[in-house]
Amino acid sequence: QLLTQMNISEVLAGSSGVGQGNKKDMGQHKFWSTQPVALPQEGSQDGPIDPTVDVEKFSKVPLPLPKEYEWVDVDLDNAQELEDVRELLCLNYVEDDDATLRFNYSAEFIAWALKPPGYQKSWHVGVRVASGKRKLVAFIGAVPMTIDVNKRTLNTSEVNFLCVHKKLRSKRLAPVLIKEVTRRCNLKGVYQATYTGGNVLPGIISTCQYFHRPINVPKLVDTGFSQPQPGMSIEKMAKASDIPANSPTRPQPEGFREMEEKDVAGVTALLKAYLSRFELAPIFSQEEVRHTFLSGRGEGEYIDGKPMREKQVVWAYVVEDPQTKLITDFISFYSLPSTVVGNDKHPILDAAYMFYYATEKALPDDWRSSSTTVFPRKLEVAKRSRVGERLNRLVEAILRVSKSTGFDVFNTLTLMESNHFISDQKFKPGSGLLNYYIFNWKLSKQINGGIGSGRD
Ligand code: MYA
């Protein structure tokens, strides 16, 4: 998950970015009160909370574990080890509040998310039972990520997939996993990290709200994801959620097509310029763009010339200007199904999640030749409506793609100017919030926008 600006203030009444529910005082957090995390503080300067960078100061040996367990570096190139992580997450990872939906990551997704360019095998941290079948009972993963935050560039790790087997909960294993991955990052010269979560922990720097665009209404109602609306039949609800066809009044941008290898440089430049407008954003190299948007398409596993839908993780589209052949727009989403716990008719809910997008409509006309590398977020009124119009057309087009590839719902967050299309494209507010954190980095102000893609 990565970050960008958002407009939470328009969506979350009085949001101070301090999330929802379950809020404890720092002192009540036995573990987190010992860690370098802090709320943004007016008047302070951005910088590390713990400035230690001397590698000699970091322990070279792993933290102790109870003797029946052992640390492992999970080898995600090994199909069985990848399967062990998939199974652990599939049965024990994030659930919604009433435990009816649980993320169901595919092996392809896990490999894609945890093996970006420059990944460290030692940051794929597992805990196995030391004897017998050596079951994998806990995991935490980190990957390298460069971010810009308040105009500072940081080499961070992005931490995700923290999971402890249900039978080992509340035994304070999570803090040990977090400290161990911290030690391993520190040893590689990385002292800051980003992470997100639905729960409220100390040091929130921003909060986004989830919005959902229904696609398969009968199934969403059947699984309890959507509530039937009083006085409205399911057919009527489905009709109201129809996705408009490509037509003269709702035209797909001319030159809209699936991203290809030849677009990597163009997409990298466009994303860099578009994301520079936000207070918190990742910086993608070309290799990272190639990996993030073009890999994970189920290579080699084709049906009728098309990648197998179940194996595909990411869908990425560009708009190529028919005259200049330049890439002017970009939009993407990823697939993250959930298990519908105990539902035999619909065991899986197929959810698409909005990922990165960009449009040059938000940039100065001369952005390609400009010597500026950071473009302002504030748009003049005329430009704002051009951006809104274009984002709506792009989102409509991607919604059509997600419908034709069989998704049941399309999720997005309040970030990256999604306020332009959330209501026009009939996204409905969800109950979930996603909180954003930076480990060991004090900010002088709240981030008006969160780490974007929210892969958990
Ligand atoms: S977010 C997804 C988290 N995973 C899930 O929700 C899956 C289902 N749940 C579980 O597997 C367990 O409940 C987990 C906790 C493992 C979450 N992030 O061991 P415990 C604190 C951080 O007795 P358990 C994601 O993956 C809790 O406040 N801390 O608890 C991003 C308490 O501390 P304190 C959390 O329930 C992860 C302590 O743990 C979280 O058995 C980013 C209790 O430990 C949480 N989501 O296990 C991690 N949940 O007493 C931080 C609970 O102080 C990375 N806790 O309140 C930091 C950067 C590290 C790298 C730094 C490099 C420089």
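Counting convention: from 1, in listed order, for ligands and their atoms alike. Numbers for residues simply follow the sequence, beginning at 1. Computed from heavy atoms alone, side chains included, the values below leave out hydrogens, waters and symmetry copies.
- When the heavy-atom distances from atom 13 (O) of ligand 1 to R169, R184, Q28, K166 are ranked, the shortest goes to R169.
- Considering backbone and side-chain N/O atoms, Y195 never comes within less than 3.5 Å of an N/O atom of ligand 1.
- Between W315 and F407, the ring centre distance stays below 6.0 Å.
- Near V190, meaning under 4.0 Å from one of its heavy atoms, ligand 1 places the atoms 63 (C).
- Between R172 and ligand 1, at least one N/O pair is under 3.5 Å apart.
- Every atom of ligand 1 with a heavy atom of Q192 under 4.0 Å away is listed here by number and element: 63 (C).
- Considering backbone and side-chain N/O atoms, K30 comes within less than 3.5 Å of an N/O atom of ligand 1.
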List the steps and the verdict of salt bridge (charged side-chain N to carboxylate O under 4.0 Å, His left out) for R377 and E417. CA-CA 10 Å; R377 194 180 122 221; E417 299 175 322; 5.2 Å; no

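- At least one heavy atom of K24 sits under 4.0 Å from some atom of ligand 1.
- Annotation: side chain of L187 is in contact with side chain of V55 (closest heavy-atom distance under 4.5 Å).
- Remark: ligand 1 atoms within the under-4.0 Å shell around heavy atoms of C185 are 62 (C).
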Identify every side-chain donor-acceptor pair in residues 33-42 under 3.5 Å, counting partners at least two apart or on other chains, and give the distances.
unit_1 : atom_1 : unit_2 : atom_2 : d
S33    : OG     : H29    : O      : 2.6
T34    : OG1    : F31    : O      : 2.5

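- With a 4.5 Å cut-off on side-chain heavy atoms, Y357 and S418 count as touching.
- An N or O contact shorter than 3.5 Å links L173 to ligand 1 by distance.
- No donor-acceptor contact under 3.5 angstrom links the side chains of N392 and E396, judged on distance only.
- Some N or O of A174 is nearer than 3.5 Å to an N or O of ligand 1, by distance alone.
- Counting atoms of ligand 1 from 1 in the listed order, those under 4.0 Å from a heavy atom of N160 are 26 (O).
- Counting heavy atoms only, W32 comes closest to atom 51 (C) of ligand 1 of the residues W441, W32, F139, F103.
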Please test K115 against D77 for salt bridge (charged side-chain N to carboxylate O under 4.0 Å, His left out), starting from the C-alpha separation and ending with a verdict. CA-CA 9 Å; K115 293 198 298 171; D77 288 328; 2.4 Å; yes

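- Less than 4.0 angstrom separates some heavy atom of N199 from each of these atoms of ligand 1: 40 (C), 45 (C), 46 (N), 49 (N).
- Within the 4.5 Å cutoff, the side chain of Y191 has heavy atoms near those of the N186 side chain.
- Heavy-atom proximity to S170, at under 4.0 Å, picks out these atoms of ligand 1: 23 (O), 24 (P), 41 (O).
- Each of the following atoms of ligand 1 lies closer than 4.0 Å to a heavy atom of T196: 1 (S), 25 (C), 31 (C).
- With distances taken over non-hydrogen atoms, the option nearest atom 3 (C) of ligand 1 out of L162, L88, I140, N92 is L162.
- Y69 meets the ring-ring contact (aromatic ring centres under 6.0 Å, His included) test with no other residue; sequence neighbours excluded.
- In terms of polar-atom proximity, defined here as any N/O pair under 3.5 Å, C163 makes no such contact with ligand 1.
- For the residue pair T153 and D148, a side-chain donor N or O sits within less than 3.5 Å of a side-chain acceptor on the partner.
- Contact between V176 and ligand 1 is absent, with no heavy atom of the residue lying under 4.0 Å from the ligand.
- Atoms of ligand 1 lying under 4.0 Å from any heavy atom of Y191, numbered from 1 in the order shown and given with element: 63 (C).
- With respect to R184 and D73, a salt bridge is recorded, a charged nitrogen being found less than 4.0 Å from a carboxylate O.
- Below 3.5 Å of separation, one finds no N or O of F439 facing any N or O of ligand 1.
- Ion pairing between E95 and R102 holds under the 4.0 Å rule for side-chain N and carboxylate O.
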